[in-house]
2 protein chains.
Amino acid sequence: MTEGHIRREAVSDQLFALLRDRILGGALPPGGALTAERELAAEFGVNRHAVREAVKRLQQARLVEVSHGGRTQVLDWRRTAGLELAVGIAAADSGPTVQDIARDALEMRACIGADAARLCALRCSARAAAEIAAAVEAHAQAGPDLTDLDETYIAWWRLIVEGSGNIAYLLAFNSLVDGMIPVADVPADLGAGEILDVEAHRRLAGHISAREAGAAELLARELLARSVPAAPRARKGARR
Amino acid sequence: MTEGHIRREAVSDQLFALLRDRILGGALPPGGALTAERELAAEFGVNRHAVREAVKRLQQARLVEVSHGGRTQVLDWRRTAGLELAVGIAAADSGPTVQDIARDALEMRACIGADAARLCALRCSARAAAEIAAAVEAHAQAGPDLTDLDETYIAWWRLIVEGSGNIAYLLAFNSLVDGMIPVADVPADLGAGEILDVEAHRRLAGHISAREAGAAELLARELLARSVPAAPRARKGARR
DNA sequence: CGGAAAGACTGGTCCAACCAGTTGACCACT
DNA sequence: AGTGGTCAACTGGTTGGACCAGTCTTTCCG
């Protein structure tokens, strides 16, 4: 019973992850050609249809460019890949580390969150402001379990981002949340300095209700910046 | 010759776009079940593999959740979809308009761009700073063609975002660039107020070279804010 | 030497079948 | 009536092979 796996991952999903990591890790250099579908199918002993599904997903992630009749070309992910690939980059064994990506994500979170709080104070409805204030109390009464705390905290921020009325912020928020959650120990990292400061959350909700956009932005920025590590970054590979 | 289309879009791509728009447009409500693959294949007169490729992409975009044996469930894109879907949301006939999305994207661009300029001044190498300064001149000498101007301008900003050392910013930048370019008339919208102000670009490059992070951030924010429309937003559907 | 034709690739689509999970109805037993 | 198990009818997952539709390379003829 050394390997009694219950979880079964689809063949095309495994293949997608494998090829994605090869591209992000640099094993498949940009500008080069991806192995032909029939050849990949033979190499991994799977059907060509599974290969096609994986390649189609690579195409959607803008990691490759396929052309009917021609060869499938590997793109430079630094120029084409979208925000949703952050997790994959950390998984690849070359380039930035998980800590690097987590730090970058926290920086982006602070930047977007502060502006979202500002816009929320400017544009959200009175009902939305009341919901935000109520969510602070719900968060304050969340159980001692870190997972619960994390969940209520994310739900609270989601209300603010939704209240900002900016769909780009909302989508980026989604990308950050379910891109980082599985990677970093978010509750532990954020910890007491940010998540447990209920009083600051109350003040932020108050600024939003009072339409004090400037104050909301400053407080949000300060609150979110608490968790951004200030240490200088050390790259693994120092590529480029 | 009423419909002499030359463009041939792959069946799975058409199907993906169609289903995506149905979900984003609300025709397929969240929580409901997506039509079974075999049924979709029969309905559209295509092979089931084409349907599968489309559904697989919907899954990757976090618009649906598929489960082996069970039904494929439609998710709430407001809670799960990532930044790369902004273009699709604008394409859907319900909800936000293209102008709404463009405004949101410009707001996000200003937010990210300002912080990227700040971080670039703090962290980029001397060589990168020199490249940025050189790129300003390349942009200044770009042809009268708006497309060229746009291209050099984007290339210049890409250098700054890369110089910030924040991969999340870089990926978000990618998403914004090739998500908005095909939708909005970016060169026309940005216009003289921002793109043609070479002197401001020179000053920003100077701040970065001089490591004046605060000044770089302020100038970048002001520069990028010029193109953000200030008009209040009017929603089409006023959903929620 | 130039260019057109032929062949060998490439990805795109289809058909038909079967494997592998989930669901729910049905029936025997308690 | 309630409980439990069985089974048939779904669902998605995978396979094989065939063919269409483009691209690229080679070859051969003018």
Side-chain angles (χ1 to χ4, degrees), chain A residues 3-20 22-23 28-77 80, chain B residues 3-20 22-23 28-75 80:
Chain A
E3 200 160 15
H5 280 150
I6 296 181
R7 57 185 301 272
R8 293 176 150 286
E9 198 177 12
V11 171
S12 68
D13 291 349
Q14 300 178 44
L15 201 52
F16 167 74
L18 188 145
L19 294 174
R20 179 198 60 189
R22 279 192 185 176
I23 293 174
L28 293 171
L34 192 69
T35 312
E37 293 178 356
R38 289 174 176 82
E39 199 171 335
L40 282 173
E43 177 181 350
F44 293 100
V46 299
N47 191 276
R48 194 175 146 221
H49 292 297
V51 175
R52 281 187 56 77
E53 286 180 7
V55 172
K56 203 75 185 175
R57 289 179 63 185
L58 291 177
Q59 180 187 18
Q60 179 174 350
R62 284 182 242 99
L63 294 178
V64 303
E65 190 173 32
V66 313
S67 66
H68 188 175
R71 312 210 160 190
T72 296
Q73 192 180 15
V74 178
L75 299 177
D76 182 1
W77 61 265
T80 57
Chain B
E3 201 160 12
H5 280 150
I6 296 179
R7 58 186 298 269
R8 301 174 71 84
E9 198 178 10
V11 171
S12 70
D13 291 349
Q14 299 179 46
L15 201 51
F16 168 73
L18 187 146
L19 293 173
R20 180 198 61 189
R22 279 191 184 176
I23 293 174
L28 293 171
L34 193 69
T35 311
E37 293 178 355
R38 288 172 176 84
E39 200 171 334
L40 283 173
E43 177 180 350
F44 293 101
V46 301
N47 190 273
R48 194 175 146 219
H49 290 298
V51 176
R52 282 186 56 77
E53 285 178 8
V55 172
K56 203 76 185 176
R57 290 179 62 185
L58 291 176
Q59 179 186 20
Q60 180 174 353
R62 283 182 241 99
L63 294 178
V64 302
E65 190 174 31
V66 313
S67 65
H68 189 175
R71 312 212 160 190
T72 296
Q73 192 180 14
V74 177
L75 298 177
T80 56

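Letters A, B, ... mirror the listed sequences (proteins, then strands); counts begin at 1.
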Novice: Can you list the residues that meet the side-chain hydrogen bond (donor to acceptor under 3.5 Å, both in side chains) rule with A:D13, with sequence neighbours excluded?
Specialist: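 If we apply the side-chain hydrogen bond (donor to acceptor under 3.5 Å, both in side chains) test to A:D13, skipping adjacent residues, the hits are A:R57, B:K56.
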
Novice: Considering non-hydrogen atoms only, spot the tightest contact between A:L15 and A:A54 and give its length.
Specialist: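 Looking at all heavy atoms of both residues, the closest pair is CB-CB, 4.0 Å.
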
Novice: Tell me, please, which residues at least two apart from B:R48 pass salt bridge (charged side-chain N to carboxylate O under 4.0 Å, His left out).
Specialist: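 For B:R48, the residues satisfying salt bridge (charged side-chain N to carboxylate O under 4.0 Å, His left out) (neighbours in sequence not counted) are B:E37.
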
Novice: How long is the line joining CZ of B:R52 and C1' of C:dC18, in whole Å?
Specialist: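 Roughly 14 Å, once rounded to whole Å.
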
Novice: Suppose we screen for side chain to side chain contact (heavy atoms under 4.5 Å, CB included). Which residues come up paired with A:E39, at least two apart in sequence or across chains?
Specialist: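 Scan of A:E39 (side chain to side chain contact (heavy atoms under 4.5 Å, CB included), adjacent residues dropped) gives A:T35, A:A36.
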
Novice: Using a heavy-atom cut-off of 4.0 Å to chain B, what are the terminal contacting nucleotides of DNA chain D, in 5' to 3' order?
Specialist: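 Listed 5' to 3', the contact boundaries are D:dT11 to D:dG22.
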
Novice: With sequence neighbours left out, which residue pairs that include part of residues 58-68 of chain B fulfil the salt bridge (charged side-chain N to carboxylate O under 4.0 Å, His left out) condition?
Specialist: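 Matches after skipping sequence neighbours: A:D178-B:R62.
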
Novice: List in numerical order all residues of residues 53-74 of chain B for which some heavy atom is under 4.0 Å away from an atom belonging to DNA chain C.
Specialist: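 Going residue by residue through residues 53-74 of chain B, the ones with a heavy atom under 4.0 Å of DNA chain C turn out to be B:H68, B:G69, B:G70.
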
Novice: Test of understanding: with side chain to side chain contact (heavy atoms under 4.5 Å, CB included), list the residues that count as partners of B:V66, not counting sequence neighbours.
Specialist: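 Listed in chain order: B:V55, B:Q59, B:V64, B:T72.
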
Novice: Mind listing the closest non-hydrogen atom pair of B:I23 and B:L75 along with its distance?
Specialist: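 For B:I23 versus B:L75, the nearest heavy atoms are CG2-O, 4.4 Å.
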
Novice: Going from CG on B:L28 to CG on B:L63, what distance comes out if it is rounded to the nearest 0.5 angstrom?
Specialist: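 It is 10.5 Å, given to the nearest 0.5 Å.
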
Novice: One pair to check against side chain to side chain contact (heavy atoms under 4.5 Å, CB included): B:F16 and A:Q60. What are the steps and the verdict?
Specialist: CA-CA 11 Å; B:F16 168 73; A:Q60 179 174 350; 3.9 Å; yes

Novice: Scan nucleotides 14-17 of chain C against the protein and return all N/O pairs shorter than 3.5 Å with their distances rounded to 0.1 Å.
Specialist:
unit_1	atom_1	unit_2	atom_2	d
C:dC14	OP2	B:N47	N	3.1
C:dC14	N4	A:H49	NE2	2.9
C:dC15	N4	B:H49	NE2	3.1
C:dA16	N6	B:H49	NE2	3.4

Novice: According to the ring pair (Phe, Tyr, Trp, His ring centres under 6.0 Å) rule, which pairs have a member within residues 50-73 of chain A, sequence neighbours left out?
Specialist: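 Ring pair (Phe, Tyr, Trp, His ring centres under 6.0 Å) check on residues 50-73 of chain A returns no pairs.
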
